[in-house]
Number of protein chains: 2
Amino acid sequence: MVTIKDIARAAGVSPSTVSRVISNHSRISAKTSSKVKKIMEEMGYHPNMMAKSLVSKTTKTLAIMLPRPAEELFQDFFFGELLRGILTQSTPAGYDMLLTAATSPFDEKETVSRLVFGRRVDGVILLSARVDDPLITMLSEQQFPTVLIGRTDGSARILSVDNDNEQAAYDATRHLILQGHERIGFVSGPPNLTVALDRMAGYRRAMQEANLTVRADWIVEGEYLQNGGYRAMTFLMSLHERPSALVVIDDAVAFGVLHGLTELGYKVPDDLCIVSFNNIALSELASPPISSIDVGTYQLGYTASQMLIRLIQDPDSIYQQRIIIPHRLIVRESSLFSLRI
Amino acid sequence: MVTIKDIARAAGVSPSTVSRVISNHSRISAKTSSKVKKIMEEMGYHPNMMAKSLVSKTTKTLAIMLPRPAEELFQDFFFGELLRGILTQSTPAGYDMLLTAATSPFDEKETVSRLVFGRRVDGVILLSARVDDPLITMLSEQQFPTVLIGRTDGSARILSVDNDNEQAAYDATRHLILQGHERIGFVSGPPNLTVALDRMAGYRRAMQEANLTVRADWIVEGEYLQNGGYRAMTFLMSLHERPSALVVIDDAVAFGVLHGLTELGYKVPDDLCIVSFNNIALSELASPPISSIDVGTYQLGYTASQMLIRLIQDPDSIYQQRIIIPHRLIVRESSLFSLRI
DNA sequence: ACGAATTGAACAATCGATTGCACATAAAAG
DNA sequence: CTTTTATGTGCAATCGATTGTTCAATTCGT
């Protein structure tokens with residue numbers, strides 16, 4: 001492996017000069033610079049990033065902390081797009097992304113500690129926000145550059161990028177109400193995720209505002225993945241009074257719901273209308289196509305990465321603690337059955 | 001930041017002793033060891049990984065080289081599962097994954113060079129195999145630890161994990177033939193991917209073996225993403241002689257095809273049968289559920305990671321250049337319309 | 001009990017870069 | 001034609017670990 005010393009020797013200069021050529025130091029003559037550069041080219045020199053990091057105390061690497069397995073499944077499709085957003089921003093900015101996942105809930109903190117205190121990364125992007133998330137607390141206490149995609153409960157000072165999930169759910173519910181639905185249910189996800197709480201809240205607000213009753217048995221909570229759709233629907237449709245429309249927390253879950261309904265012989269939107277969240281690529285291709293709140297997934301990732309890099313490079317330029325990515329409702333067939341005349 | 005020197009000072013020993021405590025050197029007394037460990041615990045010591053890497057010439061990091069944007073879209077859902085497989089293996093093995101994507105086809109080589117020659121990573125997992133892939137050539141020439149998920153054209157000596165895509169496509173096609181179909185088309189992806197070539201070959205073999213004609217206009221090639229489904233179907237169904245069944249290269253594409261057909265008023269499987277590849281989670285939840293070749297996506301990732309780590313740690317233990325993950329056909333409704341009586 | 005063998009810990013060099021400081025040499029000022 | 005300033009490069013310390021070698025203190029064999 002060719003080092004800076006080899007270059008120095010070949011060029012007849014000192015290692016420091018070579019180093020200065022690389023970093024375009026102002027006191028290097030044009031002649032020396034081009035000579036050294038030529039030799040670097042010829043010998044195929046690539047700086048050893050570990051050595052560089054050691055002295056600069058900077059790794060040009062960010063960690064992406066994936067949610068724990070259980071939650072990862074739920075929202076799988078969402079993440080691809082999110083990662084694309086992150087990478088598209090970070091790569092040109094010169095940062096590499098370390099993709100990390102804890103083996104179990106227990107080593108989650110340890111995993112992050114190793115990276116953070118071991119100075120393996122310059123910053124962290126957290127991908128899943130739980131209520132009382134110990135990771136968030138830790139990172140915020142350490143004042144380690146961190147951006148959270150999602151929301152946390154007020155106390156911790158941490159930068160975040162999020163949607164206005166409460167409003168988004170309000171909009172989704174409102175959309176159904178405006179079409180005359182009064183019996184609207186909510187299919188949620190793991191209740192310890194802040195997203196789930198927020199969307200639930202928005203749903204409730206819209207319902208209350210319209211003087212509609214929120215029935216407890218129309219709210220299906222828990223870790224309903226795609227596969228849970230059938231079970232969930234069997235339950236909902238077995239009720240004496242059934243909802244005529246559903247707000248579903250995630251497109252993948254909506255696929256499950258749709259599938260369950262189809263198996264049970266119900267038609268969407270005729271028998272039941274559905275609005276969902278995240279607007280993954282495939283929801284447009286479902287039958288029927290699923291109405292979904294586009295949360296700007298790509299933007300979410302892109303912005304988080306941008307924010308984190310800025311926080312690292314120029315902390316003072318950060319004036320906004322929390323960035324909200326606008327959402328918008330994409331109406332498709334799954335919610336287009338009006339009960340109004 | 002607390003360093004090894006701080007620990008040494010606090011414990012009244014030399015830095016080398018602390019280092020040896022960490023690595024469980026045999027010549028360290030139990031007394032010293034426990035004393036030092038206690039202090040490390042108290043002071044919250046975490047070794048600086050950059051310093052460690054510099055001397056050990058090892059980073060405990062692997063790069064995952066994502067396909068270029070255009071190809072990334074195609075197969076988006078497949079990757080999530082693949083990444084899960086990789087991470088599940090690598091994390092407990094003590095390796096971190098660097099997720100890298102080239103900004104453009106042109107800096108692809110440069111991006112990898114930076115990581116490889118800059119000793120940023122110990123190995124590389126390549127996620128997409130193109131015909132005559134320059135990356136593969138480069139890495140194989142450099143003898144840099146690399147595992148390819150997919151196949152390359154013989155010349156380069158490189159470890160790989162793959163499916164028998166030819167056989168898989170043969171099986172898929174055969175499945176349709178056995179149900180009496182004679183007019184079978186093939187919807188492919190970007191033709192410069194080896195997967196596409198292999199699957200096409202298997203399709204042709206099955207057709208020839210059954211003495212069925214492969215009609216050029218029943219083969220839709222090109223970068224048909226999910227969205228291309230409508231266009232592709234409009235074309236296929238406008239033909240005078242139409243296929244009665246299709247082999248589709250990827251589930252996401254199949255979703256597009258399905259959607260296109262539905263929009264045009266055709267029914268699957270009644271009007272057209274479909275078999276596809278990859279068996280992503282959602283294909284079970286499509287309407288109708290899509291028959292798909294399960295390629296063991298998770299296994300693919302898991303095995304690739306395992307193989308790479310072994311290659312790094314103990315090259316001599318590698319006896320197999322190429323590992324084939326078994327596939328299996330999952331028959332669902334989309335292909336369950338028999339033309340046989 | 002005395003030399004040999006073993007055990008335990010410190011010294012110092014090393015990994016491959018960066019960077020403050022010193023020191024020539026060249027250009028500008030007086 | 002000196003003195004001052006600007007310019008270009010080298011020396012050596014440093015980042016935070018690891019590790020071969022040296023050396024002192026114990027333990028062992030006979």
Side-chain angles (χ1 to χ4, degrees), chain A residues 1-40 43-61 94 113-122, chain B residues 1-40 43-61 94 113-122:
Chain A
M1 198 83 307
V2 33
T3 75
I4 207 171
K5 281 187 191 166
D6 300 325
I7 301 296
R9 199 174 310 121
V13 295
S14 78
S16 20
T17 299
V18 177
S19 172
R20 290 190 173 106
V21 167
I22 294 170
S23 55
N24 280 317
H25 193 283
S26 62
R27 300 262 282 262
I28 292 291
S29 70
K31 206 177 66 186
T32 314
S33 175
S34 65
K35 179 178 64 183
V36 171
K37 275 180 181 159
K38 184 156 152 280
I39 293 188
M40 290 197 305
M43 300 183 64
Y45 171 73
H46 291 262
N48 181 310
M49 318 206 72
M50 294 305 132
K52 218 167 163 166
S53 289
L54 182 55
V55 42
S56 72
K57 296 180 179 313
T58 260
T59 59
K60 288 287 199 169
T61 305
S113 294
R114 184 175 57 82
L115 299 178
V116 166
F117 296 112
R119 290 283 172 254
R120 182 68 166 273
V121 296
D122 296 345
Chain B
M1 199 83 305
V2 33
T3 74
I4 207 171
K5 280 187 194 168
D6 299 326
I7 302 296
R9 199 173 310 122
V13 297
S14 78
S16 23
T17 300
V18 177
S19 172
R20 291 193 168 103
V21 167
I22 295 170
S23 55
N24 280 317
H25 192 284
S26 62
R27 299 264 281 262
I28 293 290
S29 71
K31 205 178 65 185
T32 313
S33 175
S34 66
K35 178 178 64 182
V36 171
K37 277 181 180 158
K38 184 156 152 279
I39 293 189
M40 291 198 302
M43 301 182 63
Y45 172 73
H46 291 262
N48 181 310
M49 319 205 73
M50 296 303 133
K52 217 167 164 167
S53 289
L54 183 56
V55 42
S56 72
K57 296 180 180 313
T58 259
T59 59
K60 287 288 199 169
T61 305
S113 294
R114 183 175 59 82
L115 299 176
V116 167
F117 296 113
R119 289 282 171 256
R120 181 68 166 272
V121 297
D122 296 346

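As a basis for the values below, the full set of heavy atoms in this structure was taken, side chains included, without hydrogen atoms, waters or symmetry mates. These numbers were taken from a predicted model, which means no experiment stands behind them. Chain identifiers are assigned alphabetically (A, B, ...) following the order of the sequence lines, protein sequences preceding nucleic acid strands; residue numbering begins at 1 within each chain.
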* Structure fact -> Heavy-atom nearest nucleotide on DNA chain C taken for Ala30(B) and for Ser23(A); more 5' hit belongs to Ala30(B)
Should [X] be listed as having a side-chain N or O under 4.0 Å from OP1 or OP2 of [N]?
X        : N       : value
Lys52(B) : dC15(C) : no
Ser29(B) : dA9(C)  : yes
Thr32(B) : dG8(C)  : no
Tyr45(B) : dA17(D) : yes
Thr17(A) : dG10(D) : yes

* **Value rounded to 0.5 Å, distance of CD1 in Ile4(B) from OH in Tyr45(B)** => 4.0 Å
Partners of [X] by salt bridge (Lys or Arg N to Asp or Glu O under 4.0 Å), sequence neighbours excluded?
X        : answer
Lys5(A)  : none
Arg20(B) : none
Lys35(B) : none

* Please examine the side chains of Ile39(B) and Val36(B), heavy atoms only from C-beta on, and report whether any two atoms are closer than 4.5 Å. =>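 No, too far: nothing below the 4.5 Å cut-off.
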* Counting side-chain heavy atoms from CB outward, which of dA9(C), dA17(C), dA17(D) is closest to Ala51(B)? ->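 Given the options dA9(C), dA17(C), dA17(D), the side chain of Ala51(B) is closest to dA17(D).
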Side-chain polar contacts of residues 21-28 of chain B - donor-acceptor pairs under 3.5 angstrom, sequence neighbours left out - could you list them?
| residue | atom | partner | partner atom | Å |
| --- | --- | --- | --- | --- |
| Ser23(B) | OG | Ser19(B) | O | 3.1 |
| His25(B) | ND1 | Arg27(B) | N | 3.0 |

* Under the side-chain hydrogen bond (donor to acceptor under 3.5 Å, both in side chains) test, residues paired with Ser14(B) that sit two or more places apart ->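 Ser16(B), Thr17(B).
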* Apply side-chain hydrogen bond (donor to acceptor under 3.5 Å, both in side chains) to Ser113(A) and list each qualifying residue two or more places apart in sequence or on a separate chain. =>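 For Ser113(A), no residue satisfies side-chain hydrogen bond (donor to acceptor under 3.5 Å, both in side chains) once neighbours in sequence are set aside.
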Quickly work out the [X] [atom1] to [N] [atom2] distance and round it to whole Å.
X        : N       : atom1 : atom2 : answer
Ile28(B) : dT18(D) : CD1   : P     : 12 Å
His25(A) : dG20(C) : NE2   : C1'   : 10 Å
Met50(A) : dT18(C) : CE    : C1'   : 16 Å
Asn48(B) : dC15(D) : CG    : P     : 12 Å
Met1(B)  : dA17(D) : CE    : P     : 10 Å
Asp6(A)  : dA17(C) : CG    : C1'   : 13 Å
Lys5(B)  : dT18(D) : NZ    : P     : 13 Å

* To do: Using a heavy-atom cut-off of under 4.0 Å over every strand shown, decide if Ser19(B) touches base, sugar-phosphate, or nothing.
  => base
* To do: Would you classify Gly118(A) as touching base, sugar-phosphate or nothing, given that sugar-phosphate means primed atoms plus P, OP1 and OP2, and contacts are heavy atoms under 4.0 Å?
  =>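 Touches nothing.
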* Test side chain to side chain contact (heavy atoms under 4.5 Å, CB included) applied to Ser34(B) - qualifying residues, sequence neighbours left out -> none
* Structure fact -> Nearest heavy-atom approach of Ile7(B) to Met40(B) is CG2-CG, 3.7 Å
* To do: Compute the bend angle of the helix from dA1(C)-dT30(D) to dG30(C)-dC1(D) from the end axes (five pairs per end), rounded to 10°.
  =>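 Between the first-five-pair axis and the last-five-pair axis there is 40°.
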Without placing hydrogens or testing angles, list every side-chain donor-acceptor pair under 3.5 Å for residues 48-58 of chain A, not counting sequence neighbours.
| residue | atom | partner | partner atom | Å |
| --- | --- | --- | --- | --- |
| Asn48(A) | OD1 | Met50(A) | N | 2.8 |
| Asn48(A) | OD1 | Ala51(A) | N | 3.0 |
| Ser53(A) | OG | Met49(A) | O | 2.9 |
| Ser53(A) | OG | Thr58(A) | O | 3.0 |
| Ser56(A) | OG | Lys52(A) | O | 2.9 |
| Ser56(A) | OG | Thr58(A) | N | 3.4 |
| Ser56(A) | OG | Thr58(A) | O | 3.4 |

* Not counting sequence neighbours, which residues clear ring pair (Phe, Tyr, Trp, His ring centres under 6.0 Å) with Phe117(B)? List them please. =>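 Residues passing ring pair (Phe, Tyr, Trp, His ring centres under 6.0 Å) with Phe117(B): His46(A).
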* Asked: What string of B, S and - do you get for nucleotides 22-28 of chain D 5' to 3' if you count protein non-hydrogen atoms under 4.0 Å?
  -> -------
Within the sub-3.5 Å range, which N or O atoms of nucleotides 11-14 of chain D have a protein N or O partner, and how far apart are they?
| residue | atom | partner | partner atom | Å |
| --- | --- | --- | --- | --- |
| dC11(D) | N4 | Ser16(A) | OG | 3.0 |

